[in-house]
Amino acid sequence: MNGNSDKSAASPAKLTLRTLFSGFFQAGILGFGGVLPVARRMIVEQRQWLSAEAFNDLFSLCQFLPGANVVNFAFAFGARNRGLKGAAAAVAGLLAAPLVIVLCISALYQRFGAIPIVQHGLRGLAAAAAGLVMGTAMKIAAPIFRGIRQVAIAMLTFGLVILAHFSLPVTMLLVLPLSIALAWRQ
Amino acid sequence: MTGKLLILAALFGKLSLLAVGGVNSTVPEIVQQVVGLHHWMTAAQFSQLFALAQSAPGPNMLIAALIGAHVAGIAGGIVASLAMILPAGFLVIAVSGLWERFREQRWRRVVQAAILPITAGLVLAAGFVLVRGADRTILLIAITIAATGLTFGTKLHPLWLLGGGVLLGLVFA
């Protein structure tokens, strides 16, 4: 782990816990509507902790594995620098401000969420957010839908979840082996 | 209270490892559990909490914090958040050392190619669940369709869409 793989790392000196925390804190609090672009700018361009290639490679791992991609990235990047403590510092930095903000929003929602005028705004917000997720999903799906295999697996997954009301674990258990088998044959 | 915290920890801990391609893949399952099974909130409340999580800065796993806080206060928010990030986080740390070594392996590309269409199906299902859960007035449907089109077709920043939705809801609804 130390020998060969470190060749690609852009920064020779390991980052301190404080630096990890403050860097990811900045990405977290500025990350409106998606942290990835902000985190990428901070890490690759502003602080130059990683080259664009090294960033893409580590991020591809975080997309490949389950979980929140950017949080996964903070775990992996923090751990590369300072082990588990580094991971904790990076993730704590990333989530500290957003978590406090969201818990305040939650308290406000519990207290004022039922007021009619607030409800009007919230319904409009929810309608826009639903469209935002749908549009993003279409953006994600469009380049993947290149062949019958991809479309068939996506439709099967959609059908099992939405029409057959299968739980996510059961759906994965059914679809993942099938999808791997089909991908293997190609 | 402790019972609710344990249920939250188990639910989001499981979802953490099932969130292929990101947290939004788990939205249909979250709705099924918190609205359908546990009756912690209505579908409309879920849609609103989800929208609030989208409006706040930070990663979209914050929906776990909002649901946890709705169910069991601040402790619930923190437990749900930790459960959502820790299992996946430890997995990433464990695998990241091996990742380089498997770069050229065929199975890595095969598994990656296998997961992509599943992610596509799940995020489309998430969009469908949220659209279905939204109220059906002509105005709100129009907002959803416009936001879908603008997100898909332009690079408009999400905050403009969310802010526009709030404004239209306040003025016309």
Side-chain angles (χ1 to χ4, degrees), chain A residues 1 5 28-29 31-33 35 61-62 64-72 75-76 79 87 98-99 101-103 105-106 109 120-141 144 150 153-154 157-158 161-162 167-169 172 175 179-180 183-184, chain B residues 16-20 22-23 28-29 47-48 51-52 54 56-59 61-62 65-66 69 74 77 85 88-89 91-93 96-97 99-100 110 113-114 116-118 120-121 123-128 130-131 134-135 140 143-144 147-148 151-152 158-159 161-162 165-166 168-170 173:
Chain A
M1 208 152 105
S5 63
I29 195 148
F32 283 96
V35 181
L61 166 72
C62 301
F64 175 73
L65 292 176
N69 297 333
V70 173
V71 182
N72 277 354
F75 270 106
L99 207 52
I101 290 170
V102 138
L103 290 175
I105 289 177
S106 170
Y109 181 79
H120 286 317
L122 283 172
R123 286 201 194 114
L125 178 67
L132 182 64
V133 173
M134 193 45 126
T136 309
M138 285 158 57
K139 255 185 184 166
I140 293 172
I144 295 172
Q150 287 89 339
I153 290 292
T157 308
F158 184 94
V161 171
I162 297 297
S167 74
L168 189 53
M172 291 296 281
V175 180
S179 189
I180 289 175
W184 189 267
Chain B
S16 176
L17 294 174
L18 292 167
V20 294
V23 171
E29 177 80 2
S47 294
Q48 293 179 1
L52 288 170
Q54 293 271 315
M61 53 68 59
L62 293 171
L66 271 175
I74 290 179
I85 61 171
L91 184 64
V92 165
I93 293 174
S96 77
W99 188 239
E100 298 274 319
V110 168
L116 281 175
I118 299 177
V123 291
L124 286 171
F128 181 83
L130 288 168
V131 170
D135 296 275
L140 294 173
I143 292 176
T144 302
T148 305
T151 305
F152 185 66
L159 276 189
L161 298 173
L162 298 171
V166 173
L168 287 171
L170 283 176

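Here is how names work: the chains are called A, B, and so on, in the same order as the sequence lines, proteins then strands, and each is numbered from 1. Treat the numbers as computed from the prediction; the structure is a model and nothing was measured.
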Self-check item: Main-chain N/O of A:Gly67 paired to B:Ser16 side chain as donor or acceptor, under 3.5 Å
Solution: no

Self-check item: Residue pair B:Leu52 / A:Leu122, side-chain heavy-atom distance below 4.5 Å
Solution: yes

Quiz item: Looking at B:Ser47, B:Pro158, B:Pro28, which has the largest count of heavy-atom pairs under 4.5 Å with chain A?
Solution: B:Pro158

Quiz item: Which bit of A:Val175 is near chain B, if near means a heavy-atom gap under 4.5 Å: side chain, backbone, both or neither?
Solution: both

Practice problem: Tell me, for A:Leu168 versus chain B, whether the close heavy atoms (under 4.5 Å) come from the side chain, the backbone, both or neither. | Solution: both

Quiz prompt | Non-hydrogen side-chain atoms of B:Ile118 and A:Met172 separated by less than 4.5 Å | solution = yes

Self-check item: More than 12 heavy atoms of other groups within 6.0 Å of B:Leu159 CG
Solution: yes

Quiz item: What distance do A:Leu125 atom CG and B:Leu161 atom CG have between them, rounded to the nearest 0.5 Å?
Solution: 11.0 Å

Quiz prompt | Selection from A:Ala76, A:Ala129, A:Cys62, A:Pro98 maximising heavy-atom pairs under 4.5 Å formed with chain B | solution = A:Pro98

Practice problem: Determine the option with the most heavy-atom pairs under 4.5 angstrom with chain A, choosing from B:Val166, B:Val20, B:Leu130. | Solution: B:Val166

Quiz prompt | Selection from B:Ala126, B:Gly77, B:Ala56 maximising heavy-atom pairs under 4.5 Å formed with chain A | solution = B:Ala56

Quiz item: Are side-chain heavy atoms of B:Val123 and A:Thr136 found at a separation under 4.5 Å?
Solution: no

Quiz prompt | Pairwise distance CG(B:Leu62) to CG(A:Leu103) - rounded to 0.5 angstrom | solution = 9.0 Å

Quiz prompt | Rounded distance [0.5 Å steps], OG1 in B:Thr151 versus NZ in A:Lys139 | solution = 6.5 Å

Quiz item: Do you know which of B:Met61, B:Gln48, B:Gln54 has the most heavy-atom pairs with chain A at a distance under 4.5 angstrom?
Solution: B:Gln48

Practice problem: Heavy-atom pairs under 4.5 Å with chain B are the metric here; pick the option from A:Thr157, A:Val161, A:Ile29 that has the most. | Solution: A:Thr157

Quiz prompt | Side-chain heavy-atom pair B:Thr148, A:Met138 within 4.5 angstrom cut-off | solution = yes

Quiz item: Hey, are the side chains of A:Pro169 and B:Leu18 touching, using non-hydrogen atoms and a 4.5 Å cut-off?
Solution: yes

Quiz item: Measuring heavy-atom distances to chain B, does A:Ala79 have an atom under 4.5 Å in its side chain, in its backbone, in both, or in neither?
Solution: side chain

Quiz prompt | A:Arg123 vs B:Leu140, side chain to side chain contact (heavy atoms under 4.5 Å, CB included): CA-CA, chis, key distance, verdict | solution = CA-CA 7 Å; A:Arg123 286 201 194 114; B:Leu140 294 173; 4.1 Å; yes

Quiz prompt | Contact leader toward chain A among B:Ala120, B:Ala88, B:Pro57, B:Ala51, where contacts are heavy-atom pairs under 4.5 Å | solution = B:Pro57

Quiz prompt | Residue pair A:Ile162 / B:Phe128: nearest heavy atoms and the distance that separates them | solution = CG2-CE2, 3.3 Å

Self-check item: Heavy-atom contact with chain B under 4.5 Å, split by part of A:Val71
Solution: side chain

Quiz item: Highest number of heavy-atom pairs under 4.5 Å with chain B: which of A:Leu65, A:Leu99, A:Ile105, A:Leu132?
Solution: A:Leu132

Exercise. Kindly give the heavy-atom pair with the smallest separation between B:Ala69 and A:Ser106, and that separation in Å.
Key: CB-OG, 3.3 Å

Self-check item: chain B contacts, top residue of A:Ile101, A:Leu61, A:Asn72, A:Val35 (heavy-atom pairs, under 4.5 Å)
Solution: A:Leu61

Quiz item: Can you name the nearest heavy-atom pair linking B:Leu170 to A:Gly121, along with the distance?
Solution: CD2-N, 3.8 Å

Self-check item: Min side-chain heavy-atom separation B:Leu91-A:Pro66 under 4.5 Å
Solution: yes

Self-check item: Interface residue of largest heavy-atom contact number with chain B, from A:Ala183, A:Ser167, A:Gly135, under 4.5 Å
Solution: A:Gly135

Quiz item: Where does A:Phe64 contact chain B at under 4.5 Å (heavy atoms): side chain, backbone, both or neither?
Solution: both

